[in-house]
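Everything quoted here is computed from the prediction, not taken from an experiment. Below, each value reflects all heavy atoms present in this structure, side chains not excepted, and no hydrogens, waters or symmetry copies.
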Amino acid sequence: MSKTAPGSPTVSPAQLEPTPPAPRQGVTAAVSFRARRRRPGMAVLAAALIAAGGAGGFLAWQKTGERTPVLAVAQSVNAGDVIKEADLTDASVSLDPALKPFPAGERNTVVGKRAAVALVPGALLSHGQVTDRALVQDGEQLVGIGLKPDRLPATRLSAGDRVLVVYTPADGSADQAPDTGAGAAAQAPTAVTARVVRVGEPQQATGDLVVDVAVPEAQGPGLAAQAATGRIALVVEPGGTS
């Protein structure tokens, strides 16, 4: 009968088996490298995705970065004035399809025409802002009218607006309009239909405004005489504002 010495540790059979040596680092790297080499399709797909993303980004940049030379306003031009070479400058912009400015190459076709509206420095020059017609037509006369702020609408007037110029007798009396020099039978009417050609800047001290209007030449002298009295008011006709 075998006896075990007291105090001796008990050893299991598993502990008696030899421990396998740890794999070397080089062997692990080689195995990992071989595993990656077994998937060439993934590498090709990744390269294709990178190339496609780069091409798409380049095309988007090229499209958004494309700029077009166009004409812009260099200095203020009043409605009806002739556009001069110094009034224009070139600008290079990315155009919105809704905008239709003059190309820079059409400068010679613009110079010498008239501004259909007031031109503001820095704005692109579009086709609707230029006209080859004089704003005062044959058979019309241009009359300047000085107006106080309470004798015209608060709505901003623009070239082309249809208005009614009304003679207002002093103190609300039934004074007749002033004689134009052609006798009582040729006195000016108390109201004249007119078309706004140009709107001046309000005077800083008084707020008075000068408005140039085109009227039939037969009514021009009478309207000028009325305007000289200062008893004039301006009424915008229905649908008259542009």
Is there a continuous path of hydrophobic side-chain contacts, each under 4.5 Å between heavy atoms, that joins [X] to [Y]?
X      : Y      : result
Val236 : Leu147 : yes
Val111 : Leu125 : yes
Val77  : Val110 : yes
Val143 : Val210 : no

From [X] atom [atom1] to [Y] atom [atom2], the distance as rounded to the nearest 0.5 Å:
X      : Y      : atom1 : atom2 : value
Lys100 : His127 : NZ    : NE2   : 9.0 Å
Arg107 : Ile83  : CZ    : CD1   : 11.5 Å
Gln129 : Leu119 : CD    : CG    : 5.5 Å
Ile145 : Gln226 : CD1   : CD    : 9.0 Å

Sub-4.5 Å side-chain heavy-atom contact between [X] and [Y]:
X      : Y      : result
Pro149 : Asp208 : yes
Asp90  : Leu71  : yes
Leu88  : Phe102 : no
Leu234 : Leu157 : yes
Val199 : Arg156 : no
Leu223 : Gln141 : no
Lys148 : Thr206 : no
Ile232 : Arg151 : no

Closest non-hydrogen atom pair, [X] against [Y]:
X      : Y      : result
Ala214 : Leu142 : N-CD1, 4.4 Å
Leu209 : Gly200 : CD1-O, 2.9 Å
Val215 : Ala194 : CG1-CB, 3.4 Å

Original post:
Within a reach of under 6.0 Å around CD of Glu201, are more than 12 heavy atoms found that belong to other residues, nucleotides or ligands?
Top reply: no
**OP:** Please say whether more than 12 non-hydrogen atoms of neighbouring residues, nucleotides or ligands are located less than 6.0 Å from NZ in Lys113.
**Re:** yes
Original post:
Would you find a donor on one side and an acceptor on the other, under 3.5 Å apart, between the side chain of Glu140 and the backbone of Gln137?
Top reply: yes
Original post:
Can any side-chain N or O of Thr168 pair as donor or acceptor with the backbone N or O of Arg231 at less than 3.5 Å?
Top reply: yes
Subject >> Partner set under side-chain hydrogen bond (donor to acceptor under 3.5 Å, both in side chains) for Gln75, not counting sequence neighbours >> reply: Asp87
